[in-house]
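Below: the structure, in structure tokens.
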There are 2 protein chains.
Amino acid sequence: MARRAEETRERIDRTALRLFAEKGVDQATINDIATGAGIAEGTIYRHYKNKEELIWGLFSSNYVALADRLDRLQEAETGLRAKLEAMVSMFCSLYECDPAMFSFLLLVQHRQLPRVTPAMPSPVKVVREVLSQAMERGEIAPRDPEPLTAIVFGIVLQPAVFKVYGRIERPLTELSSQLAEACWMALKPTSIGTG
Amino acid sequence: MARRAEETRERIDRTALRLFAEKGVDQATINDIATGAGIAEGTIYRHYKNKEELIWGLFSSNYVALADRLDRLQEAETGLRAKLEAMVSMFCSLYECDPAMFSFLLLVQHRQLPRVTPAMPSPVKVVREVLSQAMERGEIAPRDPEPLTAIVFGIVLQPAVFKVYGRIERPLTELSSQLAEACWMALKPTSIGTG
DNA sequence: ATGTAATGAGTGAGCGCTCACTCATTACAG
DNA sequence: CTGTAATGAGTGAGCGCTCACTCATTACAT
């Protein structure tokens, strides 16, 4: 029945995400996931063609969902500063509510990013668009948006990485405004050219 | 003879680093490395106890070497701004001369960082120390140095990641001063407290 | 009764690693 | 200088094992 199948699939997804984040994608076996979800190994293959598709399914759905949330947030705000604050704040609280998902995305991005097509929504595209539009509005100096996008991502992601490794102990949400401020300041300077 | 053994070991190291960076640590097999280095599988075990030790050997030596280079650079400069510029510039040119090593460090850090002992030199410690001392000198406002360290790392590392994935096409060295400037600006603000 | 979902023992490819062996190089006794 | 013993890096077939994946069978809902 569809209802039962859906429930099983959700259990697979939840367990897989957690184990992938905890042990790494290669170290977490299909057996681990099945046992953790309280089902048999074979059942996983009724829901996913193979392990790679399971990983991709988890990555892409969460990646796109994140992009959509970021996009809705930035659209609701006016001005670069407010958009940055909204996005950074969401990122930080996302870590608090679902650290496993966060670690998972960090961990598998290197392997899965090549499969992301240009047509798919992505957090990177959202941020770049926000920066490009701020340039058009004259809020920041017109420059190649790509390095600036990277800088903004770095300012937010690296503290999250530090948090994952326990180097930062306080909740990320407490750093939210500091990080948004850092992004703002890093974007402001106009004296350095693009070369 | 020792001479020949040393040469072999260097070939192993070079090939392993390249293949690990290209295919990932789990995807690159001992056989791949041996074939790539033009030797037999067994030979690798004359030089490393097992695969994990090979990975760790490559990681730790490069990680510590990087920390040492950063430390020598920052010591040669006076003032936070100059130290930042020196370190960022070295980072960027490091990518240009040895992108495989760079990708390798990025790729395996999640797995190897837990093995890094507090006694080992590390790039993170160097940067944190530079920031702490700048606080003591009153160059920047005294705050928890950990988030600031993360921000500086993010500003430099994430553009490198973008470079690896081809999202940034220009050489990183051309972005060096922009990144150093971004770090400087992100560190400057004193209005936001530490909470 | 029929189709869908779940099961889990079975399979085999592929992996890291071992070890008995080779052989060029070195050390040394006469 | 020469024959001989010792050395140890290099070899690669093969072993043990893991793990993704299969499929005949069972459970269950309608």
Side-chain angles (χ1 to χ4, degrees), chain A residues 1-61 100 104 107-112 114-115, chain B residues 1-61 104 107-108 110-112 114-115:
Chain A
M1 189 203 227
R3 180 63 223 214
R4 197 143 102 83
E6 196 186 321
E7 240 182 73
T8 305
R9 189 190 177 111
E10 273 165 21
R11 275 235 294 287
I12 293 171
D13 288 0
R14 221 177 16 252
T15 311
L17 196 75
R18 181 173 57 82
L19 290 177
F20 285 154
E22 276 174 16
K23 312 173 66 168
V25 165
D26 291 303
Q27 280 62 45
T29 70
I30 292 292
N31 203 331
D32 289 338
I33 297 165
T35 305
I39 57 169
E41 253 181 286
T43 307
I44 290 178
Y45 292 91
R46 289 199 68 81
H47 296 270
Y48 292 98
K49 200 173 128 256
N50 52 42
K51 189 180 181 179
E52 198 54 39
E53 287 304 308
L54 168 58
I55 299 166
W56 170 245
L58 291 176
F59 176 79
S60 59
S61 60
F104 171 74
L107 202 68
V108 304
Q109 54 169 331
H110 291 267
R111 233 170 155 181
Q112 302 302 317
R115 285 189 67 170
Chain B
M1 189 203 226
R3 181 62 221 220
R4 196 148 120 76
E6 195 185 324
E7 239 182 75
T8 304
R9 190 191 176 109
E10 273 164 22
R11 275 233 295 288
I12 293 172
D13 288 359
R14 222 180 11 255
T15 311
L17 198 76
R18 181 172 56 82
L19 290 177
F20 285 153
E22 277 174 16
K23 312 172 68 170
V25 165
D26 291 302
Q27 281 62 45
T29 69
I30 292 291
N31 202 333
D32 289 338
I33 296 165
T35 305
I39 57 170
E41 261 188 272
T43 306
I44 289 178
Y45 294 91
R46 295 263 175 232
H47 298 269
Y48 292 97
K49 199 174 130 256
N50 52 41
K51 189 179 181 181
E52 199 52 41
E53 287 305 307
L54 168 58
I55 299 166
W56 171 246
L58 291 175
F59 177 79
S60 58
S61 60
F104 171 73
L107 203 66
V108 305
H110 292 267
R111 237 174 160 179
Q112 303 301 317
R115 285 189 67 170

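Throughout, protein chains are lettered first and strands after them, A, B, ... in sequence-line order, and every chain is numbered starting at 1. For clarity, every value in this text was computed on a predicted model and none was experimentally measured.
One interatomic measurement links the two molecules: NE2 of A:His47 to C1' of C:dT7, which rounds to 12 Å at whole-angstrom precision. When rounded to the nearest whole Å, the span between CH2 of A:Trp56 and P of D:dA20 equals 20 Å. Atom OH of A:Tyr48 and atom P of C:dA6 are 13 Å apart (whole Å). Taking atom CZ of residue A:Arg9 and atom C1' of nucleotide C:dT4, one finds them 16 Å apart after rounding to whole Å. Here D:dA9 presents its P atom at 15 Å from CZ of B:Arg11, a figure rounded to the nearest Å. Spacing between atom CD1 of B:Ile33 and atom C1' of C:dC17 amounts to 13 Å, rounded to whole angstrom units. A straight line from CD1 of A:Ile12 to P of C:dA6 spans 8 Å, rounded to a whole angstrom. Rounded to whole Å, the distance from CG on A:Asp32 to C1' on D:dT18 is 12 Å.
Inter-residue side-chain proximity for A:Asn50 and A:Trp56 is flagged as unmet; no heavy-atom pair is nearer than 4.5 Å. Residues A:Glu52 and A:Gln112 have side chains in contact (heavy-atom distance under 4.5 Å, counting atoms from C-beta outward). Residues B:Lys51 and B:Ile44 form no side-chain contact, since every pair of their non-hydrogen atoms from C-beta on lies 4.5 Å or further apart.
Of the inter-residue distances, the one linking B:His47 atom NE2 with B:Leu54 atom CG reads 11.0 Å to the nearest 0.5 angstrom. Taken to the nearest 0.5 Å, the CD1 atom of B:Ile30 stands 4.0 Å off from the OH atom of B:Tyr45.
Taking the charged nitrogens against the carboxylate oxygens, B:Asp26 and B:Arg111 do have a contact shorter than 4.0 Å, which makes a salt bridge. With respect to A:Glu53 and A:Arg115, a salt bridge is recorded, a charged nitrogen being found less than 4.0 Å from a carboxylate O.
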Based on Watson-Crick and G-U pairs with both distances under 3.5 Å, what dot-bracket line describes DNA chain C 5' to 3', crossing pairs as [ ] and inter-strand pairs as |?
-> ||||||||||||||||||||||||||||||
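OP1 or OP2 of C:dT7 sits under 4.0 Å from a side-chain N or O of A:Thr43. Residue B:Arg46 has no polar side-chain atom (N or O) positioned under 4.0 Å from OP1 or OP2 of D:dA9.
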Under 3.5 Å, which donor-acceptor pairs link side chains of residues 15-24 of chain B to any protein atom two or more places apart or in another chain?
unit_1  : atom_1 : unit_2  : atom_2 : d
B:Thr15 : OG1    : B:Arg11 : O      : 2.6
B:Lys23 : NZ     : B:Asp32 : OD2    : 2.9

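Although no hydrogens or angles enter the test, the distance criterion places no donor-acceptor pair under 3.5 Å between the side chain of B:Thr43 and the main chain of B:Ile39.
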Which protein N or O atoms sit under 3.5 Å from an N or O of nucleotides 10-16 of chain C?
unit_1 : atom_1 : unit_2  : atom_2 : d
C:dG16 : OP1    : B:Lys51 : NZ     : 2.7
C:dG16 : OP2    : B:Ile30 : N      : 3.1

